[in-house]
A.B. asks: 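Got a structure for you, written out below as structure tokens; questions coming shortly.
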There are 2 protein chains.
Amino acid sequence: MAVVDRRQQVLQAATKSFSLFGYKATTMDQVAKIANVGKGTIYTFFTNKEQLFDEILRDMMTEMKMIAEREIRRDKPFFDNLHRVLDALLEFRSEHELFIKLSQENREFGTPQAQEGLDKIESVVLEYIEREVELAIRQGEIKPCDPKIVSVVMFRLYIVLTAELNKTHTPLDKEQIKDYFRLFLAEGLAQ
Amino acid sequence: MAVVDRRQQVLQAATKSFSLFGYKATTMDQVAKIANVGKGTIYTFFTNKEQLFDEILRDMMTEMKMIAEREIRRDKPFFDNLHRVLDALLEFRSEHELFIKLSQENREFGTPQAQEGLDKIESVVLEYIEREVELAIRQGEIKPCDPKIVSVVMFRLYIVLTAELNKTHTPLDKEQIKDYFRLFLAEGLAQ
DNA sequence: AATTGACCGTATTAGTAAAATGGTCAGAAG
DNA sequence: CTTCTGACCATTTTACTAATACGGTCAATT
């Protein structure tokens, strides 16, 4: 069995366990067991638990970035691109599971590593959105505004529509999420 | 000293303590001391700590409702009223202090009573916004949409602009908050 | 050379005694 | 008699300690 395979096995097992049980409740013994690997093997690829977690987050963000890049057409309007990226991201439930589990762990236990992980994801996503918003402003596609504020609002709107709303409301389907994104961000409520 | 005065003293002292230290860190001995009252006196007006807390929340919500009612002119447009109410509410820092302390307590310690209190406030506010949004839809002032979703989004937008943003951004002043409220809710970003 | 799991020191949890807190009420104050 | 109070009680929370679990290592094994 090649080296890459074992490394990948560990990575997959850890991703599964972090998504299922969160950071704290995931033990290295457990990861080794799921990966069908001796515990020591993990430490030939990753210096420690935190670094393993970090690598998973990095991979997740890389994949999300790839999804976004793949959907963005520079010749198309900003809101077209936004909806296409949104659409593609909404298909990737696996990324969301880890994100949602970390949110939950952070709320319930306040695990610092969960908080740090979420902050890292958020800052990367916000940076990305911010650059796109800046571009859209320069190209006159959207009104002049502070990209920092707009990116935060867009991100929170995404969280509200995909996750928070589900506590009191039946979950929205993909089309509804996109419709409300358009309503609030593009058109506004006013008749 | 009249009965009402003592009751009011207790209420004021408790509000102060809850706002300053949160629910859990507020002891009945402390409230009695601040109010210059024997501990037993508190229990002549309030059955227990939770009920005292509840009454304070109720008072707070009543005052917020009064502020809203005072600003709403039924003959004026929806967004006019929205901005006037927002403006008036943003002036009342005292209400916000308790709200912000409870948010913090909930995040840091997960005190159940803090969570319950916040939920209560949220549900009352959401109900209020929902009714207003329904009315605005019926009068054709805003586009047809689910009032439940719109009220949640409006509430979260308020939280983001007044509180969450301050972690990474210099706090917005009242005018900026109103501007962004208009931008996202009324007009939309699209040129 | 790559892999492993028993092993080590430290961090977390469970268990318990001590302290603090919510709530009561007999008696003091008016 | 009515109002108010703080010492008192039962229960919860905290501080301390012993037991367990965990992250990480490395000599032995494949």
Side-chain angles (χ1 to χ4, degrees), chain A residues 1-18 20-57 101-102 105-106 108-117, chain B residues 1-18 20-57 101-102 105-106 108-117:
Chain A
M1 197 170 276
V3 174
V4 191
D5 275 335
R6 291 193 166 276
R7 196 189 138 89
Q8 211 54 35
Q9 255 174 301
V10 172
L11 226 50
Q12 261 181 266
T15 303
K16 195 171 166 182
S17 185
F18 284 134
L20 228 58
F21 310 112
Y23 180 87
K24 205 170 163 244
T26 290
T27 69
M28 295 305 260
D29 280 310
Q30 198 181 29
V31 172
K33 210 174 166 189
I34 297 175
N36 266 316
V37 153
K39 190 163 60 158
T41 306
I42 300 176
Y43 289 90
T44 62
F45 301 120
F46 308 97
T47 49
N48 56 35
K49 189 180 176 183
E50 287 210 50
Q51 203 252 306
L52 170 61
F53 182 57
D54 223 67
E55 180 114 0
I56 288 170
L57 290 185
K101 189 73 208 176
L102 290 179
E105 186 176 357
N106 186 40
E108 284 180 27
F109 310 105
T111 313
Q113 288 90 347
Q115 170 74 54
E116 277 168 41
Chain B
M1 196 171 277
V3 174
V4 191
D5 275 335
R6 290 192 167 277
R7 197 189 138 90
Q8 209 54 36
Q9 255 174 302
V10 172
L11 225 53
Q12 260 181 268
T15 304
K16 195 171 168 183
S17 186
F18 284 135
L20 227 58
F21 309 113
Y23 181 87
K24 203 170 162 246
T26 290
T27 68
M28 295 304 260
D29 279 312
Q30 198 180 28
V31 172
K33 210 172 164 191
I34 298 174
N36 268 315
V37 155
K39 192 165 55 156
T41 306
I42 300 175
Y43 290 90
T44 62
F45 302 120
F46 307 97
T47 48
N48 57 34
K49 190 180 177 183
E50 287 209 49
Q51 203 252 306
L52 171 61
F53 183 56
D54 223 67
E55 179 114 0
I56 287 170
L57 291 185
K101 190 73 208 177
L102 290 179
E105 185 177 359
N106 186 40
E108 284 179 30
F109 309 106
T111 313
Q113 289 88 346
Q115 171 74 53
E116 276 167 44

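Chain naming here is simple, since letters A, B, ... match the order of the sequence lines and numbering starts at 1 in each. In this text, all values refer to a predicted model and were calculated from it rather than measured experimentally.
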A.B. asks: Please report the distance, rounded to the nearest Å, between CD in B:Gln51 and P in C:dG23.
C.D. replies: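 About 10 Å, once rounded to whole Å.
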A.B. asks: Rounded to the Å, how far apart are B:Glu50 CD and C:dG23 C1'?
C.D. replies: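 For the pair B:Glu50 CD and C:dG23 C1', the rounded distance is 13 Å.
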A.B. asks: Write down the distance between OH (A:Tyr43) and P (D:dC26), rounded to a whole number of angstrom.
C.D. replies: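 Nearest whole value for this atom pair: 13 Å.
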A.B. asks: Within the sub-3.5 Å range, which N or O atoms of nucleotides 5-10 of chain C have a protein N or O partner, and how far apart are they?
C.D. replies:
{"unit_1": "C:dG5", "atom_1": "O6", "unit_2": "A:Gly40", "atom_2": "N", "d": "3.4"}

A.B. asks: Please give, in whole Å, the distance from D:dT5 C1' to B:Lys33 NZ?
C.D. replies: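 Result: 16 Å.
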A.B. asks: Not counting sequence neighbours, which residues clear side chain to side chain donor-acceptor pair (under 3.5 Å) with B:Asn106? List them please.
C.D. replies: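 Partners of B:Asn106 by the side chain to side chain donor-acceptor pair (under 3.5 Å) criterion, ordered by chain and then number, come out as B:Gln115.
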A.B. asks: Using the test salt bridge (charged side-chain N to carboxylate O under 4.0 Å, His left out), find all partners of A:Glu105 that sit at least two apart in sequence or belong to another chain.
C.D. replies: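 Per chain and number, A:Glu105 pairs via salt bridge (charged side-chain N to carboxylate O under 4.0 Å, His left out) with no residue.
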A.B. asks: In whole angstrom, give the distance that lies between atom CZ of B:Phe45 and atom P of C:dG23.
C.D. replies: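 After rounding, the reported distance stands at 16 Å.
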A.B. asks: Would one find a side-chain N or O of A:Arg6 under 4.0 angstrom from OP1 or OP2 of C:dT3?
C.D. replies: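 For C:dT3, OP1 or OP2 has a side-chain N or O of A:Arg6 closer than 4.0 Å.
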A.B. asks: Going by heavy atoms closer than 4.0 Å, what residues in residues 21-29 of chain A are next to DNA chain D?
C.D. replies: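 A:Thr26, A:Thr27, A:Met28, in order of number.
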A.B. asks: I need the CG-P distance between B:Asp5 and D:dC4, as an integer number of Å.
C.D. replies: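 From B:Asp5 CG to D:dC4 P: 11 Å.
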A.B. asks: Please enumerate all residues that pass salt bridge (charged side-chain N to carboxylate O under 4.0 Å, His left out) together with B:Glu116, with sequence neighbours excluded.
C.D. replies: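 If we apply the salt bridge (charged side-chain N to carboxylate O under 4.0 Å, His left out) test to B:Glu116, skipping adjacent residues, there are no hits.
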A.B. asks: Going by the rule side chain to side chain donor-acceptor pair (under 3.5 Å), which residues pair with B:Glu108 if we only count those two or more places apart in sequence or in a different chain?
C.D. replies: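 Once residues adjacent in sequence are excluded, the partners of B:Glu108 under the side chain to side chain donor-acceptor pair (under 3.5 Å) criterion are B:Gln104.
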A.B. asks: According to the salt bridge (charged side-chain N to carboxylate O under 4.0 Å, His left out) rule, which pairs have a member within residues 42-55 of chain B, sequence neighbours left out?
C.D. replies: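 Non-adjacent pairs meeting salt bridge (charged side-chain N to carboxylate O under 4.0 Å, His left out): B:Arg7-B:Glu55, B:Asp54-B:Arg58, B:Asp54-B:Lys120.
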A.B. asks: When rounded to the nearest 0.5 angstrom, what is the spacing between OG1 in A:Thr15 and CG in A:Leu20?
C.D. replies: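 These two atoms lie 11.5 Å from each other.
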A.B. asks: For A:Asn48 and C:dA11, what is the distance between atoms CG and P respectively, to the nearest whole Å?
C.D. replies: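 Spelled out: CG on A:Asn48 to P on C:dA11 is 14 Å.
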A.B. asks: Rounding to an integer number of Å, can you tell me how far B:Lys49 NZ sits from D:dT12 C1'?
C.D. replies: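 My rounded result for the distance is 11 Å.
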A.B. asks: Between B:Ile42 and A:Thr47, who's closer to the 5' end of DNA chain D by nearest nucleotide?
C.D. replies: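 First, find each residue's nearest nucleotide; the 5'-ward one identifies B:Ile42.
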A.B. asks: Keeping to residues at least two apart or across chains, list the side-chain hydrogen bond (donor to acceptor under 3.5 Å, both in side chains) pairs with something in residues 22-36 of chain A.
C.D. replies: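 As it turns out, the side-chain hydrogen bond (donor to acceptor under 3.5 Å, both in side chains) pairs with a partner in residues 22-36 of chain A, which skip direct neighbours, are A:Ser17-A:Thr26, A:Ser17-A:Gln30.
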A.B. asks: Evaluate whether atom NZ of B:Lys16 has more than 12 neighbouring non-hydrogen atoms of other residues, nucleotides or ligands under 6.0 angstrom away.
C.D. replies: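 Check fails, neighbour count at 12 or below.
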A.B. asks: Side-chain donor-acceptor pairs under 3.5 Å in residues 39-46 of chain A, sequence neighbours left out?
C.D. replies:
{"unit_1": "A:Thr41", "atom_1": "OG1", "unit_2": "A:Gly38", "atom_2": "O", "d": "3.4"}
{"unit_1": "A:Thr44", "atom_1": "OG1", "unit_2": "A:Thr41", "atom_2": "O", "d": "2.5"}

